[in-house]
Amino acid sequence: MPSAQQVYHDKGRFTRPDSIFRNFISKDPNSQFPAEKGRYALYLSPGCPWAHRTMIVRLLKGLDSIIDVYQVHFHMGPEGWYFSGEGGSLTEDPLHGFKKLKELYLKADPNYTGRYTVPVLWDKKADVLVNNESSEIIRMLYSEFDEFLPEHLREENRPGKGLYPPQLRAEIDEMNDWVYNTVNNGVYKVGFSRSQESYDENIRPLFASLDRLEEHLGHGKPFLFGDFITEADIRLYTTLARFDVAYHSVFQCNLKLIRHDYPRLHSWLRRLYWDQDEEGPLRAAFYRTTEPNIGRYALGYADSKWRIVQESQGPLIVPAGPLVLMEPL
Ligand SMILES: N[C@@H](CCC(=O)N[C@@H](CS)C(=O)NCC(=O)O)C(=O)O
């Protein structure tokens, strides 16, 4: 097995390899992966921000009874993600009896040599891995399953015309691009640096982008693109929900805190988090997927940093603060 250094680093700089399985579920019944109730499952760990995107969209869209979720242990073991039976994890893969996610990937492709990442979108009927790239999985969930949903949850009937509405696509894509590079993955570039140079190189662009997002919210509207939620909010949220409780301390992203230094981002974050109305437009999707897990984010990141940066050498120390995980509204 290649070392964490070989998989992830280039001269001390963290590099995230591309996902490999890139098929799509379609509403077209004649497609290879047609949308069907009960046919697909998401394997995920609730600590992972990429998997968290899919958890949010599944609830936000009301797909809970249409797509299964199979949870692995909160943090990785020496051989990656595994089923433990603890803290919401299943005892084993319910479809194959596997104990490790690695076995699922090797079932999908015995010659697979990439990383065994979550989320995984699995086709239970064909018994194959459909897709392991969160940005694509969430887009399949927006509208491909709409025929199984009540009218008001279908994309065309949502106020604002959906999570990725045609009139905003270019702007959303443009924001996704810089937010991914400097914020979503930016925190990892800082936190998984194996050199001071790499840390220095990545910390300023991260905070420059947070400053830019704070400015962007100067429009005074509740969401990044106005009055209605879009995928840009979902993609930013999973990073900001982890920021003060994990990235600031564990990943040393410590020039500023969301709660003290970014009033608009802080209100935006808390409004999403604290909405507990399961019948409302957000269906409490942010609260239900974050509140049970936020207290474990620091542990999950301390553990992955210890594995990836320190190659499991020396002590693992998990920071205790902040005392308040998410400030009240
Ligand atoms: N581009 C992928 C990234 C997924 C990813 O890197 N997930 C991490 C957890 S946060 C993982 O499973 N890592 C396992 C490993 O690297 O061995 C996506 O967005 O789905």
Side-chain angles (χ1 to χ4, degrees), residues 1-9 14-25 42-58 69-83 89 93 100-106 108 112-122 129-141 176-177 179-181 183-192 194 231-232 234-239 241-243 245-247 250-251 289-290 293-294 296-312:
M1 192 169 137
S3 73
Q5 171 77 328
Q6 286 163 321
V7 176
Y8 290 109
H9 289 89
F14 174 71
T15 51
R16 185 179 294 282
D18 285 339
S19 305
I20 305 288
F21 296 89
R22 309 297 280 265
N23 285 307
F24 277 78
I25 294 172
L42 280 166
Y43 288 82
L44 51 84
S45 167
C48 167
W50 318 104
H52 193 180
R53 294 170 166 181
T54 67
M55 295 167 75
I56 293 170
V57 176
R58 174 174 168 271
V69 159
Y70 303 148
Q71 207 170 296
V72 296
H73 190 69
F74 199 83
H75 51 86
M76 282 182 239
E79 286 195 272
W81 299 111
Y82 65 105
F83 295 94
S89 160
D93 170 11
K100 293 175 237 154
L101 195 70
K102 173 182 173 177
E103 297 172 89
L104 189 73
Y105 271 86
L106 294 175
Y112 181 73
T113 54
R115 298 179 315 142
Y116 312 117
T117 56
V118 287
V120 163
L121 179 63
W122 190 267
L129 203 166
V130 181
N131 193 301
N132 68 340
E133 171 50 46
S134 63
S135 58
E136 294 178 352
I137 297 172
I138 56 175
R139 286 193 178 172
M140 295 174 216
L141 305 191
N176 283 347
D177 188 49
V179 168
Y180 173 78
N181 281 310
V183 182
N184 304 138
N185 200 32
V187 292
Y188 284 89
K189 292 181 192 168
V190 174
F192 285 161
R194 289 177 67 119
E231 77 165 20
I234 296 162
R235 290 174 51 129
L236 180 62
Y237 174 86
T238 64
T239 299
R242 288 160 176 74
F243 204 91
V245 296
Y247 299 143
V250 181
F251 277 4
T289 56
T290 316
N293 304 309
I294 191 170
R296 294 184 289 178
Y297 290 159
L299 165 63
Y301 281 105
D303 184 72
S304 56
K305 184 174 169 181
W306 176 75
R307 243 178 339 95
I308 287 169
V309 181
Q310 287 147 250
E311 301 209 290
S312 312

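Atoms within each ligand, like the ligands themselves, are counted from 1 in listed order.
- Cation-pi geometry between R242 and Y247 is not met at under 6.0 angstrom from the ring centre and within 45 degrees of the axis.
- In this structure, Y112 has its ring center under 6.0 Å from that of F21.
- Looking at T117 next to ligand 1, no N or O pair under 3.5 Å apart turns up.
- Ligand 1 lies nowhere less than 4.0 angstrom from a heavy atom belonging to G80.
- For Y82, the ring-ring contact (aromatic ring centres under 6.0 Å, His included) test picks out H73, with sequence neighbours left out.
- Annotation: S135 places no N or O atom under 3.5 Å from an N or O atom of ligand 1; distance criterion only.
- Residue R115 touches ligand 1 through its side chain alone, judged by heavy-atom distances below 4.0 Å.
- By the 3.5 Å distance cut-off applied to N or O atoms, P119 is not counted among the residues near ligand 1.
- Contacts between S19 and ligand 1 below 4.0 angstrom, taking non-hydrogen atoms only, involve the side chain exclusively.
- The N/O atoms of Y188, backbone and side chain alike, include none that comes under 3.5 Å of an N/O atom in ligand 1.
- The pair E231-R139 meets the salt-bridge criterion, since a charged nitrogen lies less than 4.0 angstrom from a carboxylate oxygen.
- Summarising the contacts of atom 20 (O) of ligand 1 with S134, G47, C48, the nearest heavy atom is found in S134.
- Under the 6.0 Å cut-off for aromatic ring centres, Y180 and W50 qualify, their centroids lying closer than that.
- A cation-pi arrangement, defined by a distance under 6.0 Å to the six-membered ring centre and an angle within 45 degrees of its axis, is present between R16 and Y188.
- Heavy atoms of Y116 found under 4.0 angstrom from ligand 1 belong exclusively to the backbone.
- Ring geometry for H52 against Y297 counts as tilted: the plane angle lies between 30° and 60°, on a 0 to 90° scale.
- Taking 4.0 Å as the cut-off, N132 counts as a neighbour of ligand 1 on heavy-atom distance.
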